[in-house]
Amino acid sequence: MRKGIVWSLPLVVLIVMVLFYTFLYYRDNKYQNPPPFGDSGVITLHEEHLRRGDPVFLIDGWLLTDGNVTDLPTYIGEFSSLQRGNLSASPHGRACYRMTLRYDGSSQIVSVDFPQLSSQYVISLDGTPLARGMGSGRITFLLTAGDHDLTVETSSGSGYYSGMYFPPALGTDSLLRQMDRVQGTAYTMAVVLPLALAAFTFFLWRTGGPLSRWFALLCCCYSLYMLRYFVFLFSLPVLQYWFLVQSLALYGMCFCVVRLTVLASGGIQRKAWQRTRVFLLVQSAVLLLLSLFIPALPWVVFVHGRLTDLYYIFTFCVTVFFAAGKTAGQRMETRYTLAGCTVFGAGLVTNLFFSNLFEPIRFFWQFEWCGLVLVLLFGAMMVSRSRRILRENDRLTNHLEEQVKKRTVEVTQLLEERKAFFSDMAHDLKAPVFATQSYIRAIRRSGVGVDGELRDYLERAEERQNEMARRLQGLSVIHDFDKIDGECVRVSIQDMLSELYVVCRGEAEVQSVYFSVDPPEQDAFLMAQPEKLDILFENLFYNALSATPHNGSITVSARVREDKICVTVEDTGCGIPERELPYIFQRFYVGEKNRDTGTGLGLYIVNNIVREMGGTMDVWSSVGEGTKFIMEFPSG
């Protein structure tokens, strides 16, 4: 990424913010509102002033009286406290703001809004108290032609602000309510939107890493900061100390901006960040501690204000330092962090140089717009980052799927080659094995030159040849089993047992063995390959038939239990010794009684078929009493 491209987004953001702040200054600023203007304690109103789209803002012409001055001409917003730049004077105490409303026009009902009064207040008109409390206030009265004396008395003993700092607005009740609705909606969105972004980001904590966590914290701090509008609007009990919460939220925002910049830019220097973190935390603690000493030490107000400005400037500088680091140039997040630095810097400039010259009519303060844009910028960064991660995951997933398909084809081909190899090997070895068996038998029958020692060798060789022939037969059986590749279908248990009875009953009768099936009362179904089911039950039946004496019995029964089907094959044969039971399902295992005839594959294949169908298999047997194979399958 070229350096010019990296800085293009911050440059665009800077231009947009300058134009936007210029627009706000002239279009949403109480201090740029047209006449009338107050002078020497009097404001002259005409009827046409109350008919325009904006209220009349009572900024100029107030006369201030407190413990130090009497009828001092002032404008609202000129001083944030009663100290008025005198470091030896107390910022708190009682004050009285007085103005004469000189009206020329027809009588009409009007209202006056007094926003965010941090002091206890009493608002009077013509000597009659109309409202009292703390927070935002409103009075409604009948404005008649002539002079009306409007008085605001304040009393404060703590906090950073005192007296009346935010200009009142005079207008018709419907106009002021409309303005309140617009501003209330804007602040509601400013609180809810960041919280929604934070809640969404919390779901990314495990995958989003520290960036997600710090972005969510930034959103929460901004929402907490913007709650001040509702704290003053509803005069909540925490109002008197809300300046501490607001300061804490603002310091938290600054810390989050720096931390996000460090994480996103990639230009982290551990020692530099550790020092920055300590400085930010220590200065935040110092500022909060100084706030508590404002009532006792008058000069603390001035020091607190200057240190706060220094805190903002330091935050901006270190943000630029980390965002413009040498290793940051190749990262997508760099554009967003540099743009965030630009927004933060623009907010600082407006906050420092337009103090007491701007107050919004319907929307936010410039620094609040700065915080909202910061949240949206870092939100866009998180979205862009998430999209990049998703694209990378998709690419890796597609690559993995291709690799899996390729490996699957290779493994399938290898298995087919192995099957073919074993089939060919079994076929090719049959001839020499059976030929060798024939030679051994011929030598034994002729008896020429065969003494006792040679006869013993011939018997051992014949045993090994029989074992090899049995294994070759087993390989053929496995090959035939592997060739079954039909699809699984639904098989009726009742139909399957009926067919098994028809097929096997004749052979059982020939050996004088009683064969019976016991299907379930209610039919059930298995998902299976019919060919493998035939192999399964034929193996179990013929094993049972070979082990059952004359007049014995073989029973195949099935029962349905919830979503399981239990099938049992039971005989009254010779049974299996207990020592052989753990091994009967192993490949090529042959018991003592079947050493000469068995392949050791029947029960191995049966067990594999049951497992392929998602079932389980168990066996019970006792020598001389019989054997029971119990299979449990999922219902299909």
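Along the sequence shown, the residues carry numbers beginning at 1.
- Between the side chains of R228 and Q116, at least one donor N or O sits under 3.5 Å from an acceptor N or O.
- Side chains of N86 and S88: a donor on one and an acceptor on the other come within 3.5 Å.
- With sequence neighbours excluded, the residues forming a side chain to side chain contact (heavy atoms under 4.5 Å, CB included) with V238 are V231, L236, W242, listed by chain and number.
- Applying side-chain contact (heavy atoms from CB on, under 4.5 Å) to I76 and the options E359, K30, M164 leaves one that passes, M164.
- Here E153 pairs with nothing under the salt bridge (charged side-chain N to carboxylate O under 4.0 Å, His left out) rule; sequence neighbours left out.
- In this structure, R138 pairs ionically with D173, as a charged nitrogen and a carboxylate oxygen lie closer than 4.0 Å.
- The backbone N or O of L287 sits less than 3.5 Å from a side-chain atom of S291, completing a donor-acceptor pair.
- Under the salt bridge (charged side-chain N to carboxylate O under 4.0 Å, His left out) criterion, R362 pairs with D54, not counting sequence neighbours.
- Ring centers of W62 and Y75: at least 6.0 Å apart, outside the cut-off.
- Taking the salt bridge (charged side-chain N to carboxylate O under 4.0 Å, His left out) definition, one finds that E47 meets it with R51, sequence neighbours left out.
- Annotation: salt bridge (charged side-chain N to carboxylate O under 4.0 Å, His left out) contacts of R391 (sequence neighbours excluded): none.
- Using the six-membered ring where Trp is involved, F367 and Y312 have ring planes that are tilted, between 30° and 60° apart.
- W365 pairs with exactly one of Y21, F166, Y229, Y225 by the ring pair (Phe, Tyr, Trp, His ring centres under 6.0 Å) rule, that one being F166.
- In terms of modelled atom types and a separation under 3.5 Å, the side chain of Y222 and the main chain of L195 share no donor-acceptor contact.
- Taking the six-membered ring where tryptophan is involved, the planes of F364 and Y187 are perpendicular, since the angle between them exceeds 60° and thus also 30°.
- Judged by distance alone, the side chains of T140 and S111 do bring a donor and an acceptor atom under 3.5 Å apart.
- Looking at S284 and Y311, their side chains do bring a donor and an acceptor atom within 3.5 Å of each other.
- Qualifying side chain to side chain contact (heavy atoms under 4.5 Å, CB included) partners for M134, counting only residues two or more places apart in sequence or in other chains: Q120, L239, Q240.
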